[in-house]
2 protein chains.
Amino acid sequence: MPSLYATLADTLRAEIVAGALPPGTQLPSEHELVQRHGVSRNTVRKALGQLVHDGLVISRQGSGYFVREHQPVIWHASRPERNVQTSVLPADAWSHCVREQGRTPEEKIRIVVGVPNARIAAALQLKPGEEVVGRLRERYVDGVLSTLADSYYPESLVRDSPIMLPYDVQPGVYAILASRGAGFTRNRDEIITRMPNREEANRLKLGPGTPIAEHLRVSFTPSNRPVRLLLSILPGDKVTIAYESFAT
Amino acid sequence: MPSLYATLADTLRAEIVAGALPPGTQLPSEHELVQRHGVSRNTVRKALGQLVHDGLVISRQGSGYFVREHQPVIWHASRPERNVQTSVLPADAWSHCVREQGRTPEEKIRIVVGVPNARIAAALQLKPGEEVVGRLRERYVDGVLSTLADSYYPESLVRDSPIMLPYDVQPGVYAILASRGAGFTRNRDEIITRMPNREEANRLKLGPGTPIAEHLRVSFTPSNRPVRLLLSILPGDKVTIAYESFAT
DNA sequence: AAGTGGTCTAGACCACCTT
DNA sequence: AGGTGGTCTAGACCACTTA
């Protein structure tokens, strides 16, 4: 026998997926649901909590519950990362990709230098105490923070290069590394699906019920030396990941 | 000012991530937390609910709350899918990959034939009313249902082939399609991160706080004809997705 | 049988948004 | 000011697990 709150949640869920309550619509208030279904307010709140938790609904204190609107952007993870020939800046592949979808990209970059945590050190196969240059990048779509994309390079490899400046890199990260004999030719990608931790949820203003994909890309030279780590946090409600690959 | 339940949740969370409460440990009971922190049971339950929701903790009715244990398997999505030369069955790439990680794979396959839903029809560019053969596959790791991997083929393409039998396909899906002039050479992959719907959560026995990756792969012939759709549901707590790619 | 979590109620006060 | 959601309490009864 299903519980009262589960039954109520299912009723509302059905109305949403059927389209009777289209995205953006306000749901009946807690008070109204209490009266209409003859249950206590706590029970109504538990049902609504489920929907919020499932990412179907958001709540705004003082105004009400609303059916959530989704407009994810597609991120083509396997496309070449080299900068694009264009007069519009930034010229990196991600920005170009967002513009292709009729939306407006923007980036904020902060540079940090220092000894990284164990995870980053392991991925880049660093010696103990070896430093990295981190480019902590926030990517915005139509003005809202959409993903975090932090990249890390061994410090010795990028010292005094444009990679250490907090702007879109010209003529591109690949070209600079290649000119220093460390052009990468192979990526290893890993994607983990999980709930955000508190800090990520705050920074990305994620409502409850929004999972993230953690994308980790290590780029290698032909001699299998890791020269770059790219660590991205992609909120499930804002980004879809796409790959093109050859079937073999 | 943080709420009581948020404060309590943070306290417990900190103990978990710091390792004071290692995976598998039982948390204090609700009753004990009520007394220890001098708050009501509902408040304790709301705090614990947060942790469950974030995937850090699971609850077992009648026994208690426990710190969750993660043992995800790595799925190499870009590896060739062709069957592996081995005496152990099943011989498909996924099973081989799981065995490499020292674990035991198992598959259950159910065949369905009929007119598919709009999403599948669109991906395979079918004519209205055209039928597909669906192979609905459940993949188990060490005996527990770990992912759903359903594949769909235009019916006209696989009629009377071993693809219509509910077993591991010999000598392999690729070989059969190739022998019919429909060997695929290119994949388009799409990965969506979201919370499971009710049916998925039930089938995969997902606790609250477990997001999923929905992986959609369409395989094309050299003349860009889509011949197969692979639709997988990968629970975040059980699977990590990996890709190898060439940087260009 | 005792202890655990799961559901549900009734009522209080607070914080926020709209008018 | 009035309506909305957010937090919190106290207490009840049920369902499940363990011993």
Side-chain angles (χ1 to χ4, degrees), chain A residues 1-13 16 21 24-69 198 201-202 205-210, chain B residues 1-13 16 21 24-69 198 201-202 205-210:
Chain A
M1 207 53 167
S3 53
L4 290 182
Y5 78 82
T7 309
L8 175 52
D10 286 349
T11 305
L12 292 168
R13 198 194 322 267
I16 292 169
L21 295 168
T25 314
Q26 180 166 6
L27 268 60
S29 72
E30 293 179 352
H31 179 68
E32 192 173 338
L33 290 171
V34 164
Q35 304 216 313
R36 196 186 297 178
H37 295 88
V39 296
S40 78
R41 186 177 165 218
N42 275 354
T43 300
V44 166
R45 280 182 61 75
K46 180 124 198 205
L48 289 167
Q50 289 250 307
L51 300 180
V52 170
H53 178 238
D54 291 349
L56 272 178
V57 157
I58 59 166
S59 72
R60 285 202 281 274
Q61 186 171 31
S63 61
Y65 290 85
F66 299 82
V67 180
R68 191 153 165 170
E69 324 196 43
R198 196 173 195 69
N202 283 339
K205 294 193 183 45
L206 303 179
T210 309
Chain B
M1 207 53 166
S3 52
L4 290 181
Y5 78 83
T7 310
L8 175 53
D10 285 348
T11 305
L12 292 167
R13 197 194 323 266
I16 292 169
L21 295 168
T25 314
Q26 181 166 7
L27 268 57
S29 73
E30 293 179 352
H31 180 67
E32 193 173 338
L33 290 171
V34 164
Q35 305 216 313
R36 196 186 296 180
H37 295 87
V39 296
S40 77
R41 186 178 166 218
N42 274 354
T43 300
V44 165
R45 279 182 61 74
K46 179 122 198 207
L48 290 166
Q50 289 249 306
L51 301 180
V52 169
H53 179 242
D54 291 349
L56 271 179
V57 156
I58 59 166
S59 72
R60 286 203 281 272
Q61 186 172 31
S63 64
Y65 290 85
F66 300 83
V67 181
R68 191 152 166 170
E69 325 196 42
R198 195 175 194 70
N202 283 339
K205 294 193 184 41
L206 302 179
T210 308

| field | Members of residues 55-62 of chain A that approach DNA chain D, where some heavy atom sits under 4.0 Å away | value |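 When residues 55-62 of chain A is checked for heavy atoms under 4.0 Å from DNA chain D, the hits, listed by number, are A:Ser59, A:Arg60, A:Gln61, A:Gly62.
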
Integer-rounded Å distance: [N] [atom2] and [X] [atom1]:
{"X": "A:Leu48", "N": "D:dG5", "atom1": "CG", "atom2": "P", "value": "8 Å"}
{"X": "B:Leu33", "N": "C:dG3", "atom1": "CG", "atom2": "C1'", "value": "15 Å"}
{"X": "A:Lys46", "N": "D:dG5", "atom1": "NZ", "atom2": "C1'", "value": "18 Å"}
{"X": "A:Leu27", "N": "D:dG3", "atom1": "CG", "atom2": "C1'", "value": "16 Å"}
{"X": "B:Glu30", "N": "D:dC16", "atom1": "CD", "atom2": "C1'", "value": "13 Å"}

Restricting to side-chain hydrogen bond (donor to acceptor under 3.5 Å, both in side chains), what partner residues turn up for [X], sequence neighbours left out?
{"X": "A:Asn42", "value": "none"}
{"X": "A:Arg198", "value": "none"}
{"X": "A:Ser59", "value": "none"}

| query | What nucleotide, of C:dT4, C:dG6, D:dG5, holds the atom closest to the side chain of A:Arg45? | reply |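 The answer is D:dG5, which lies nearest to the side chain.
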
Review item, nucleotides 8-13 of chain D N/O atoms under 3.5 Å of protein N/O:
unit_1, atom_1, unit_2, atom_2, d
D:dC8, OP1, B:Leu4, N, 2.6
D:dC8, OP2, B:Leu4, N, 3.4
D:dC8, OP2, B:Tyr5, N, 3.3
D:dT9, OP2, B:Ser40, N, 2.8
D:dT9, OP2, B:Ser40, OG, 2.8
D:dT9, OP2, B:Thr43, OG1, 2.5
D:dT9, O4, B:Asn42, ND2, 3.0
D:dA10, N6, B:Asn42, ND2, 2.8
D:dA12, N6, B:Arg41, NH1, 3.2

| message | As a quick check of understanding, evaluate side-chain contact (heavy atoms from CB on, under 4.5 Å) for B:Thr43 and B:Leu8, giving each step before the final call. | response | CA-CA 9 Å; B:Thr43 300; B:Leu8 175 53; 5.6 Å; no

| Distance from A:His37 atom NE2 to A:Glu32 atom CD, nearest 0.5 Å? |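 Result: 10.0 Å between the selected atoms.
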
| field | Pairwise distance NZ(A:Lys46) to OG(A:Ser40) - rounded to 0.5 angstrom | value |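 So the NZ of A:Lys46 and the OG of A:Ser40 are separated by 11.5 Å.
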
| task | State, to 0.1 Å, how close A:Leu51 and A:Ala9 come at their nearest heavy-atom pair, and which atoms those are. | result |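 Smallest interatomic distance, heavy atoms only, reads CD2-O, 3.8 Å.
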
| query | Does OP1 or OP2 of C:dG3 have a side-chain N or O of B:Tyr65 closer than 4.0 Å? | reply |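 It does not, given that no N or O in the side chain of B:Tyr65 lies less than 4.0 Å from OP1 or OP2 of C:dG3.
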
Return all side-chain donor-acceptor pairs below 3.5 angstrom for residues 61-68 of chain B, not counting sequence neighbours, or 'none' if the list is empty.
unit_1, atom_1, unit_2, atom_2, d
B:Ser63, OG, B:Arg60, O, 3.4
B:Tyr65, OH, B:Glu30, OE2, 2.9
B:Arg68, NH1, B:Thr210, OG1, 3.3
B:Arg68, NH2, B:Thr210, OG1, 2.6
B:Arg68, NH2, B:Asp237, OD2, 2.8

